[in-house]
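Here's the structure we're looking at; comments come further down.
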Amino acid sequence: MANKNTFENEGKSPITINSNFSGAHDYFTNNVLPEDIRTHLRRIKAPTPYANNRDQVFMLVRAGTGKMVVNGIEYKLKPNTLINLGPFHRYRFIPDIGKMLEIVDSRMNSGTYVYMIANPYLKMEQFYVTSEPPVVYLTGLLADIANDSMNGLLGEMNVRSDDSTSICFCYMMDLLGILTEKMPKAYFKHYSGSGEKK
């Protein structure tokens, strides 16, 4: 049975589009997409206690300055800093004195992340999940796209339509695309036992 999508044609009769990929879509929806994507805005005025991360999380600093400590490594935070934090990391935030960090974070399950990095459109010959989280500092168009994506994710938390999960997945793909574009390509290479990257 094909999926049918109906679109309004400027007030005229509806247009129905049949999809022949319903089997793949059903598998993706039922087995890969998370049942619950959570996105929220955090306002941090004081150092936070350490937390153990359990999800795949995209974080975008909206305002303020400070640092994030992940497994004992410090990362400077400023507006338009984009971070992807995987499970099992231990982290905390420390805003600069007199500053408040505003951070949007969006969480998904690890199965969805694996599906994202296996996406053939990324064209990565190899992709390794590394021990240090990717952290990039954005400007210009990429900063605009990241902020628009986070705005979309926040908006979907209020709407909760039937398509919210799929829409949120697309926004997260935008964020992953930005990270893979901005991070040095060597970051995604595998370290051999001799300390050299393959």
Side-chain angles (χ1 to χ4, degrees), residues 3-10 14-15 17 19 21-22 24-44 53-64 68 75 77-87 91 93 100-124 127 129 133-183:
N3 286 340
K4 294 184 177 180
N5 297 314
T6 303
F7 300 89
E8 293 298 326
N9 185 14
E10 298 180 358
I15 300 172
I17 298 176
S19 171
F21 301 101
S22 60
H25 179 269
D26 290 345
Y27 177 83
F28 173 73
T29 301
N30 295 329
N31 298 291
V32 178
L33 283 177
E35 294 177 1
D36 184 29
I37 292 176
R38 291 156 287 137
T39 305
H40 61 281
L41 176 64
R42 301 177 63 180
R43 291 184 173 91
I44 302 167
N53 191 44
R54 299 177 184 273
D55 305 301
Q56 281 290 341
V57 188
F58 286 106
M59 302 179 184
L60 181 67
V61 179
R62 286 287 182 84
M68 180 180 188
Y75 299 90
L77 300 180
K78 60 184 181 179
N80 297 320
T81 303
L82 179 62
I83 305 149
N84 178 214
L85 191 66
Y91 72 100
F93 294 106
M100 178 176 67
L101 284 168
E102 285 191 4
I103 299 174
V104 182
D105 76 42
S106 188
R107 298 174 178 269
M108 64 181 156
N109 65 358
S110 294
T112 304
Y113 184 77
V114 170
Y115 185 90
M116 290 170 72
I117 63 174
N119 188 315
Y121 297 109
L122 287 177
K123 302 294 184 190
M124 300 289 291
F127 191 105
V129 178
V135 177
V136 295
Y137 304 99
L138 305 176
T139 59
L141 181 60
L142 291 180
D144 292 342
I145 293 170
N147 278 283
D148 288 347
S149 295
M150 283 300 192
N151 285 338
L153 286 161
L154 286 168
E156 288 300 322
M157 295 302 99
N158 297 323
V159 174
R160 294 295 185 178
S161 67
D162 292 341
D163 294 328
S164 281
T165 303
S166 297
I167 292 169
C168 288
F169 178 82
C170 292
Y171 286 132
M172 289 177 166
M173 282 300 298
D174 285 342
L175 297 172
L176 180 64
I178 291 170
L179 284 169
T180 56
E181 175 69 23
K182 289 290 291 181
M183 289 297 294

Heavy-atom side-chain proximity of T39 to E156 below 4.5 angstrom: no
Rounded to the nearest 0.5 Å, the CD1 atom of I44 sits from the CE atom of M68 at a distance of 9.0 Å
Identify all side-chain donor-acceptor contacts of residues 135-144 below 3.5 Å with residues at least two apart in sequence or on another chain.
{"unit_1": "Y137", "atom_1": "OH", "unit_2": "K76", "atom_2": "O", "d": "2.8"}

message: Counting C-beta onward and ignoring hydrogens, is there a side-chain heavy-atom pair between I83 and Y75 closer than 4.5 Å?
response: no
Of all heavy-atom pairs linking P79 and G64, the shortest is CD-O, 3.3 Å
Between L175 and S149, the two heavy atoms sitting closest are CD2-CB, 4.1 Å
Sequence neighbours excluded, the answer for salt bridge (charged side-chain N to carboxylate O under 4.0 Å, His left out) partners of R62 is none
Problem - Side chain to side chain, L101 and R42, heavy atoms closer than 4.5 Å - result: no
(message) Within the structure provided, determine whether C168 and L153 are in side-chain contact (heavy-atom separation under 4.5 Å).
(response) yes
dist N53:CG -> M59:CE (nearest 0.5 Å) comes out at 6.0 Å
Q. Would you say the side chain of M157 lies within less than 4.5 Å of the side chain of L41, judging by non-hydrogen atoms?
A. no
Output for pair (I103 CD1, H40 NE2), nearest 0.5 Å, gives 9.5 Å
Residues passing the side chain to side chain donor-acceptor pair (under 3.5 Å) test with T81, sequence neighbours excluded, are none
Taken to the nearest 0.5 Å, the spacing of N84 CG from T180 OG1 works out to 10.5 Å
When rounded to the nearest 0.5 Å, the distance separating CG of L85 from CZ of R107 is 8.0 Å
Between the CG atom in L154 and the CG atom in D105, the distance rounded to the nearest 0.5 Å is 9.5 Å
